[in-house]
Amino acid sequence: MYNEKIDIKSLSKEEIEEELLLMGEPRFRGTQLFKWLSQGIRSFEQMTNLPKRLIQQLSEKFFIDSLTLDKKQVSKTDGTIKYLWKLKDGNAVETVLMRYKYGNTVCISSQVGCRQGCVFCASTIGGLIRNLSPAEMLNEVLYTELDSGYKISNIVLMGIGEPLDNFDNVIKFLSLVNDSDGMNIGMRHISLSTCGLAENVDKLAESNLQLTLSVSLHAPDNETRTKLMPVNRVCDIDSLLCSCEDYYKKTGRRISFEYAMIDKINDSDEQAKLLAKHASKIGAHINLIPLNYVKERDLKPSSSARIKRFYSILEENKANVTIRRRLGSDIDASCGQLRKKAAEGREL
Ligand code: SAH
């Protein structure tokens with residue numbers, strides 16, 4: 001039965017080697033297999049340098065996870081491509097390919113749905129359905145590269161889901177995508193965004209990976225943050241900042257704060273000053289993002305005049321800040337919007 005077979009694509013090169021040694025095969029076969037898997041093949045029969053007998057044995061014990069293309073939208077203005085991929089169990093996830101000067105960046109989902117309940121976010125509306133496996137996350141990167149024909153050089157874990165709520169699978173995925181016999185994408189080319197699960201920020205610091213950690217702060221005071229992000233009831237701003245500071249000390253990697261500017265909610269002068277104070281305390285960089293309007297929630301983006309004013313207060317207070325350019329706004333490229341539309345059967 002399919003379910004009883006092992007998901008070979010979620011195994012590391014070393015684990016595949018171990019499995020093959022148990023099957024009486026030499027160690028080098030592990031690397032051979034791992035390389036095939038990282039090229040996106042969909043069946044063992046396609047591994048042309050393996051003996052027939054071994055292909056048969058492998059097919060009995062393992063399955064190769066793959067994704068199928070459900071929907072694809074290409075932005076007319078900036079070349080951003082948004083994919084909706086079908087998973088083996090019929091669920092769907094979104095992946096976005098963005099074409100920057102410094103390289104092609106893929107934004108991947110880490111869960112089907114999300115349970116964090118941030119009020120401005122479309123991904124969380126139907127709750128969490130399940131975690132993605134390491135193979136499924138790898139496949140988002142791999143099949144986006146294969147379908148688009150663009151070599152992927154950067155990954156951001158900023159799609160659907162909370163990556164630190166799927167901690168072990170995300171760490172495993174990072175090691176797979178980083179492997180020099182696999183896609184070989186360097187940790188410094190990977191960013192992970194979290195809503196602020198402080199305990200898992202601590203765990204991530206222990207892993208001492210050289211990735212970039214983004215923290216979705218979105219408000220500098222507990223009252224506002226709790227209204228926007230239920231996670232703040234469990235880990236408030238002080239404990240989150242404390243974990244961020246430790247993270248910076250342990251890894252030497254500066255943290256980025258994500259800050260979606262929401263009209264009359266988090267865009268006051270006082271909030272800008274407090275945000276600057278938090279950021280300078282831990283040397284964080286601030287990314288201001290105009291809120292993407294989500295129809296289900298009555299929250300509007302701040303006006304561009306307000307954003308400029310907020311930005312200049314941050315600068316006056318010596319914060320390191322940029323305003324993020326929006327890519328793919330003509331194709332619903334923000335978090336959860338495409339999957340939601342597809343689930344509602346609306347026109348894409
Ligand atoms: N769960 C993770 C990663 C996924 S969301 C996290 O919370 O960081 C990626 C980013 O998009 C987060 O910073 C999230 O807060 C932000 N985001 C979600 N909905 C948004 C919207 N409507 N407008 C602007 N940013 C949004």
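Atoms within each ligand, like the ligands themselves, are counted from 1 in listed order. Hydrogens, waters and symmetry mates play no part in the numbers below; they use all other heavy atoms, side chains included.
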Quiz item: Between Thr194 and ligand 1, which residue portion shows a heavy-atom distance shorter than 4.0 Å: side chain, backbone, both, or neither?
Solution: backbone

Practice problem: Please identify which atoms of ligand 1 are closer than 4.0 Å to at least one heavy atom of Ser216. | Solution: 6 (C), 7 (O), 8 (O), 12 (C), 13 (O), 15 (O)

Quiz item: Can you list the ligand 1 atoms lying under 4.0 Å from a non-hydrogen atom of Glu258?
Solution: 13 (O)

Quiz item: Is Pro301 in contact with ligand 1, taking contact as a heavy-atom separation below 4.0 Å?
Solution: no

Quiz item: Is any N or O atom of Phe120, backbone or side chain, closer than 3.5 Å to an N or O atom of ligand 1?
Solution: yes

Self-check item: Close-contact set for ligand 1 against His218 heavy atoms, below 4.0 Å
Solution: 13 (O), 14 (C), 15 (O)

Quiz prompt | Qualifying residue for side-chain hydrogen bond (donor to acceptor under 3.5 Å, both in side chains) with Ser243, from Asp238, Asp202, Thr194 | solution = Asp202

Self-check item: Sub-4.0 Å atoms of ligand 1 with respect to non-hydrogen atoms of Cys195
Solution: 6 (C), 7 (O), 8 (O)

Quiz item: Are the aromatic ring centres of Tyr143 and Tyr83 under 6.0 angstrom apart?
Solution: no

Quiz item: Any side-chain donor-acceptor pair under 3.5 Å between Asn139 and Trp85?
Solution: no

Self-check item: Glu162 versus Cys195, closest heavy-atom pair with distance
Solution: OE1-N, 2.8 Å

Exercise. Give the atoms of ligand 1, by number and element, whose distance to some non-hydrogen atom of Gly161 is under 4.0 Å.
Key: 1 (N), 2 (C), 3 (C), 4 (C)

Quiz prompt | side-chain hydrogen bond (donor to acceptor under 3.5 Å, both in side chains) partner of His189, chosen from Thr212, Asn154, Asn178 | solution = Asn154

Practice problem: Measure from the ring center of His218 to the ring center of Phe120 and say whether it is less than 6.0 Å. | Solution: yes

Quiz item: Is the closest heavy atom of Gly196 to ligand 1 under 4.0 Å?
Solution: no

Quiz prompt | Ser75 versus Asp78, side-chain donor and acceptor atoms under 3.5 Å | solution = yes

Quiz item: Do Arg253 and Tyr247 meet the cation-pi criteria used here (NZ or CZ under 6.0 Å from the six-membered ring centre, within 45° of the axis)?
Solution: no

Quiz prompt | Under 4.0 Å to a heavy atom of Cys121 - the qualifying atoms of ligand 1, by number | solution = 18 (C), 19 (N)

Quiz prompt | Backbone or side-chain N or O of Pro290 under 3.5 Å from ligand 1 N or O | solution = no

